[in-house]
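Please read the structure below before turning to the comments.
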Amino acid sequence: MNFDEIIDRFGTHSVKWDMMEQLYGVPADDGIAMWVADMDFRPPQCVSDAIGKMQSQGVYGYYGDESAYRAAICWWMKTRHNWEVDPASIFTTHGLVNGTGLCVDSFTKPGEGVVLTTPVYHAFARVIEAAGREVIECPLALTNGRYEMDFDAWDAQMKGHETMFILCSPHNPGGRVWTREELQGVADFCKRHDLILVSDEIHHDLVYAGNTHIPMTNVDPSILDRLVMMTATTKTFNIAGSHSGNVIIPDPALRSKFAARMAALGISPNSFGLFMAEAAYSPEGAAWVDGLISYLDTNRKILDAAIAEIPGVASMPLEATYLSWVDFGDTGMERAEFTRRVEKDARICVNHGTTFGKGGESYLRFNIATPRARVEEAAQRLRAAFADLQ
């Protein structure tokens, strides 16, 4: 559990490190990659051991008998989230972007509207638009520096052709952990407008002290006939390259529709992802996650302290995730200028806020899941890049 270890990821086909110069112009020789949402840490040893066991056996065939894999998921959700999962309700997809696409394909039709609370994870809109559906952007309200739901405004936006609501819980990029009251508001909104509710909870394990994630399935039993849950080991344990995720559907009728689309598209699990997930969802994996959250908590405080020293710049209080959402709006700078200072002067590669939809124009997203020395270096570079404001 050595999160301080600097691991050289260049030349490993890492999109985060090997593509930052080509895509963003941040130099590879001394740039800091703080964009793509994967971590620069090794996963827990139990995950590496599972891959080692596959390698030592030496035959990489089709995976069969998912009972232990499903039991591991059920154990994790019960012990970590107080959520009772029916093993029969679990579908394994090639990650949750694929899971999102399958939900859109299974439960909506071309031309229908899919509601997103923006700014929000950019892949949602990309998948919706590629499927020929309309993205309905319902902006989150910014209140005292944090995002809140604005149901009255969203009610007024509905045109009647919307059939799905995709919730990001905890929220990416804002880092909010939604309260029970807010989640109940989402449930009520979906009932009012007859929407399928897809709750993407991929960051649910990465929650800081003082906040409690509540699975959407535990909020209101009356929405189980319209609810689809999405979870994964990939963000929690830094195994995104396994491209495995879970779509968990309590309602038999929705389950049947989803199963039919998966069968029609010939989708079956990646055996590497299943072996890794089974190993990760264990007491050893749980101890690793606890250590990770403690480490990330200090990283976020280091970056927040640096941001607080720069007039006109503010980081949104991070309740969950390892993605810091930083607002440069009060600097008086155009978006091109503050982005240039971060990428060219500070040599830090970040995600641009505009890709997350309405409300992201003055923001940049920083990934703090990297060894502390890099976070400290990034903090120092940011202070220097904006020294004229201090």
Side-chain angles (χ1 to χ4, degrees), residues 1-3 7 16 36-51 69-83 85 90 92-100 121 123 167-173 175-178 199-209 211-217 229-248 269-270 272-297 299-300 318-324 367-371:
M1 205 183 294
N2 180 12
F3 299 116
I7 301 170
K16 180 179 179 182
V36 173
D38 69 15
M39 298 187 276
D40 294 320
F41 310 132
R42 300 187 199 281
Q45 188 60 43
C46 56
V47 171
S48 298
D49 288 346
I51 297 301
Y69 163 75
R70 291 171 182 264
I73 295 170
C74 294
W75 176 83
W76 185 268
M77 299 309 165
K78 175 61 178 176
T79 57
R80 302 290 286 193
H81 299 288
N82 193 32
W83 171 20
V85 175
I90 301 170
T92 302
T93 62
H94 292 286
L96 292 192
V97 175
N98 174 243
T100 301
Y121 178 46
L167 174 69
C168 195
S169 176
H171 183 254
N172 169 18
R176 271 299 317 276
V177 175
W178 306 116
S199 187
D200 181 349
E201 305 192 7
I202 195 169
H203 292 280
H204 64 169
D205 292 312
L206 305 173
V207 176
Y208 299 104
N211 304 282
T212 301
H213 171 78
I214 304 172
M216 194 71 210
T217 190
M229 300 285 289
M230 298 203 302
T231 69
T233 52
T234 51
K235 283 290 182 287
T236 305
F237 298 99
N238 199 33
I239 53 176
S242 70
H243 277 284
S244 61
N246 295 115
V247 174
I248 302 173
N270 175 332
F272 287 84
L274 271 62
F275 278 114
M276 285 192 276
E278 181 184 338
Y281 280 159
S282 63
E284 183 179 340
W288 185 91
V289 172
D290 291 341
L292 170 70
I293 292 170
S294 177
Y295 191 86
L296 293 174
D297 191 26
N299 279 6
R300 69 168 174 155
L318 198 58
E319 300 171 355
T321 84
Y322 50 75
L323 304 165
S324 183
N367 180 344
I368 61 168
T370 197

Inset, instruction - Would you check if there is a donor-acceptor pair between the side chains of Ser199 and Glu201 at a distance under 3.5 Å? - result: yes

Inset, instruction - Mind jotting down which residue pairs meet the side chain to side chain donor-acceptor pair (under 3.5 Å) criterion with at least one end in residues 36-51? Sequence neighbours excluded, please. - result: Glu5-Arg42, Arg9-Asp38, Arg9-Asp40, Lys16-Asp40, Trp17-Asp40, Asp40-Thr370, Gln45-Asp49

Inset, instruction - State which residues pass ring-ring contact (aromatic ring centres under 6.0 Å, His included) with Tyr295; sequence neighbours excluded, sorted by chain then number. - result: Phe3, Phe41

Legend entry - Pairwise side-chain contact, Met230 with Ile202, heavy-atom cut-off 4.5 Å (strictly under): no

Inset, instruction - Identify the two heavy atoms, one from Val85 and one from Cys74, that lie closest to each other, and give their separation to 0.1 Å. - result: O-SG, 3.3 Å

Legend entry - Val207 to Ile293 - nearest heavy-atom pair and separation: O-CG2, 3.7 Å

Inset, instruction - Locate the shortest heavy-atom distance separating Val97 from Ala123; write the atom from each residue and the value. - result: CG2-CB, 3.9 Å

Inset, instruction - Could you tell me whether the side chain of Leu167 reaches within less than 4.5 Å of the side chain of Trp178, counting heavy atoms only? - result: yes

Inset, instruction - Report the C-alpha distance between Leu292 and Leu206 in whole Å, list the side-chain angles of each, state the deciding distance to 0.1 Å, and finish with yes or no for side chain to side chain contact (heavy atoms under 4.5 Å, CB included). - result: CA-CA 9 Å; Leu292 170 70; Leu206 305 173; 3.8 Å; yes

Inset, instruction - Look only at the side chain of Glu319 and the backbone of Asn211, and say whether a donor-acceptor pair between them is shorter than 3.5 Å. - result: no

Inset, instruction - Please examine the side chains of His81 and Thr231, heavy atoms only from C-beta on, and report whether any two atoms are closer than 4.5 Å. - result: no

Legend entry - From Asp290 atom CG to Met1 atom CE, the distance as rounded to the nearest 0.5 Å: 8.0 Å

Legend entry - Close side-chain approach of Tyr121 and Thr100, heavy atoms under 4.5 Å: no

Inset, instruction - Applying side chain to side chain donor-acceptor pair (under 3.5 Å), name anything that partners Glu278, two or more places apart in sequence or on another chain. - result: none

Legend entry - Trace of the side chain to side chain contact (heavy atoms under 4.5 Å, CB included) decision for Tyr208 with Leu296: CA-CA 9 Å; Tyr208 299 104; Leu296 293 174; 3.5 Å; yes

Legend entry - Pair listing, side chain to side chain donor-acceptor pair (under 3.5 Å) test, anchored in residues 235-244, at least two apart: Asp205-Thr236, Ser242-Ser244

Inset, instruction - Identify the heavy atoms of Gly175 and Leu318 that sit nearest to each other, and give their distance. - result: CA-CD1, 3.9 Å

Inset, instruction - Test side chain to side chain contact (heavy atoms under 4.5 Å, CB included) on Val47 and Thr233 and set out the steps. - result: CA-CA 11 Å; Val47 171; Thr233 52; over 6 Å; no

Legend entry - Smallest separation among heavy atoms of Tyr69 and Leu274, with atom names: CD1-O, 3.6 Å

Inset, instruction - Decide yes or no for His203 and Leu323: does some side-chain heavy atom of the first lie under 4.5 Å from some side-chain heavy atom of the second? - result: yes

Inset, instruction - State, with a plain yes or no, whether a side-chain heavy atom of Asn246 is found less than 4.5 Å away from one of Thr92. - result: yes

Inset, instruction - State which residues pass side chain to side chain donor-acceptor pair (under 3.5 Å) with Asn270; sequence neighbours excluded, sorted by chain then number. - result: none

Inset, instruction - Dump the intermediate steps for side chain to side chain contact (heavy atoms under 4.5 Å, CB included) on Ser169 and His213, then the final yes or no. - result: CA-CA 8 Å; Ser169 176; His213 171 78; 3.6 Å; yes

Inset, instruction - To the nearest 0.5 Å, tell me how far Ser294 OG sits from Asn299 CG. - result: 10.0 Å

Inset, instruction - Any salt bridge (charged side-chain N to carboxylate O under 4.0 Å, His left out) involving residues 238-247? Give me the pairs, sequence neighbours left out, ordered by first then second residue. - result: none

Legend entry - Value rounded to 0.5 Å, distance of CE in Met77 from NE2 in His204: 4.0 Å

Legend entry - Any side-chain heavy-atom pair of Trp288 and Ser282 under 4.5 Å: no

Legend entry - Side-chain heavy atoms of Phe237 within contact of Tyr281, under 4.5 Å: yes

Inset, instruction - Quick one: closest heavy-atom pair of Ala279 and Ala50, and the distance? - result: CB-CB, 3.8 Å

Legend entry - Distance (rounded to the nearest 0.5 Å) between Ile73 CD1 and Ile248 CD1: 6.5 Å

